[in-house]
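Remarks on the structure that follows.
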Amino acid sequence: MTQVVSPLVVDDVAEPKPRQKRIALVASKGTLDQAYPPLILASTAASLGWEAGIYFTFYGLDILHKERFEKLKVSSLANPSGPIQLPNILGAVPGATAAATKVMRKWMSDSRMPTVPEFLEMTRDLGVQFFACATTMGVMGVEEKDLIEGSDIAGAAAFLDYAAEADVTLFV
Amino acid sequence: MSETATQHEVNANADATDLDCSGLLCPLPVYKAALVLNELEDGELLRLITTDPGALRDIPAMAHQRGDTLLDITEEEGRQVFLVKKGIAE
């Protein structure tokens, strides 16, 4: 009787290194409160040893915009969970959005949370990839020089190519 | 065990890099712990202090995802002390 030995059985092959996990995030909102979640998730993922990338699109592109990322606001209008609780008729009063923004900034600094520009720098230093949506740049008249250093201009296909290899994908 | 130290006592006295994240919220304890762990050699220890109650779930999850080993957790008066070993325990 012939013994069949599989040619694939090799004793001294090193265990393959486990593939690095990847998270692909979409940041589509340009308000102060909505800038934080993608940055928190991406910086955490990179801290866990994962690859992480954020696709900044539509208003979310303001998070990468050097002249806008320090001025992100929280709306006082139609924001029932916002930092100041106002009926909508008062939420539309001039200065109400500035007041809500001021309160949220104070919450963040009292909690020792980084500002959005600080968070971006921390996140970029961890090797997180920043994709800037090319269509948004065209539609909103944003140029490469307006964006923070290290932003990769990319379209949907390039992001999906990155996201197709991701273990976690989230839209914020 | 009256004469010999318990494993917990051994851990409490182990030589480790200290990091105090008291008063910091997610993601900062994980972020700062990872920066320290990235600089350690396999087998070296990090002793991390946190006050964020979320850290009780986050630090074990961090160790699991990174492939590091959580050796000890102590809870005392609103703070947690974690002992993390870089890499997989032998």
Side-chain angles (χ1 to χ4, degrees), chain A residues 14-25 27 32-54 63 83 104-128 130 166-170 172, chain B residues 16-71 73 78-90:
Chain A
E15 286 234 342
K17 201 180 169 210
R19 190 183 63 85
Q20 194 177 18
K21 289 184 185 168
R22 178 182 285 187
I23 184 169
L25 295 155
L32 179 62
D33 50 334
Q34 292 298 289
Y36 277 92
L39 294 174
I40 289 173
L41 288 167
S43 59
T44 300
S47 298
L48 301 182
W50 298 13
E51 280 184 319
I54 311 174
I63 301 168
M104 173 146 255
R105 284 192 198 283
K106 184 167 168 21
W107 282 355
M108 287 298 179
S109 68
D110 286 354
S111 306
R112 296 167 62 191
M113 288 291 275
T115 63
V116 167
E118 287 167 348
F119 227 132
L120 275 168
E121 196 178 325
M122 283 164 50
T123 307
R124 185 179 53 189
D125 288 350
L126 290 169
V128 173
F130 295 160
D167 301 277
V168 180
T169 52
L170 294 168
V172 181
Chain B
T17 302
D18 287 301
L19 177 64
D20 189 348
C21 289
S22 299
L24 298 182
L25 299 173
C26 162
L28 297 176
V30 164
Y31 166 77
K32 286 175 177 281
L35 290 183
V36 172
L37 286 164
N38 289 346
E39 297 301 316
L40 295 183
E41 302 289 337
D42 276 1
E44 290 185 322
L45 301 177
L46 165 69
R47 186 177 288 106
L48 171 67
I49 298 171
T50 63
T51 53
D52 175 8
L56 279 174
R57 299 288 294 274
D58 281 349
I59 303 305
M62 177 197 73
H64 175 243
Q65 286 294 324
R66 290 178 51 91
D68 297 325
T69 308
L70 183 59
L71 295 179
I73 307 178
R79 66 173 208 161
Q80 304 89 36
V81 184
F82 301 88
L83 189 67
V84 183
K85 180 180 190 174
K86 169 106 175 230
I88 306 292
E90 286 131 34

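This is a predicted model, so every value here is computed, not measured. Quick note: numbers below take in every heavy atom, side chains included, and nothing from hydrogens, waters or symmetry partners. Lettering of chains follows the sequences in order, A, B, ..., and the numbering in each one begins at 1.
Heavy atoms from other residues, nucleotides or ligands lying under 6.0 Å from CD of E41(B) number 12 at most.
Atom-to-atom distance recorded for L48(A):CG and Y31(B):OH is 14.0 Å, nearest 0.5 angstrom. To the nearest 0.5 Å, atom OG of residue S47(A) and atom CZ of residue R66(B) are 7.5 Å apart.
For chain B, the nearby part of F119(A) is the side chain; its heavy atoms alone come within less than 4.5 Å. For L126(A), the part sitting under 4.5 Å from any heavy atom of chain B is the side chain, from C-beta outward, and nothing else. Using a 4.5 Å cut-off between heavy atoms, L37(B) does not touch chain A at all.
P27(B) and M113(A) get closest at one heavy-atom pair: CD-CE, 4.1 Å. The minimum heavy-atom distance linking R112(A) with L28(B) is given by the pair O-CD1, 3.3 Å.
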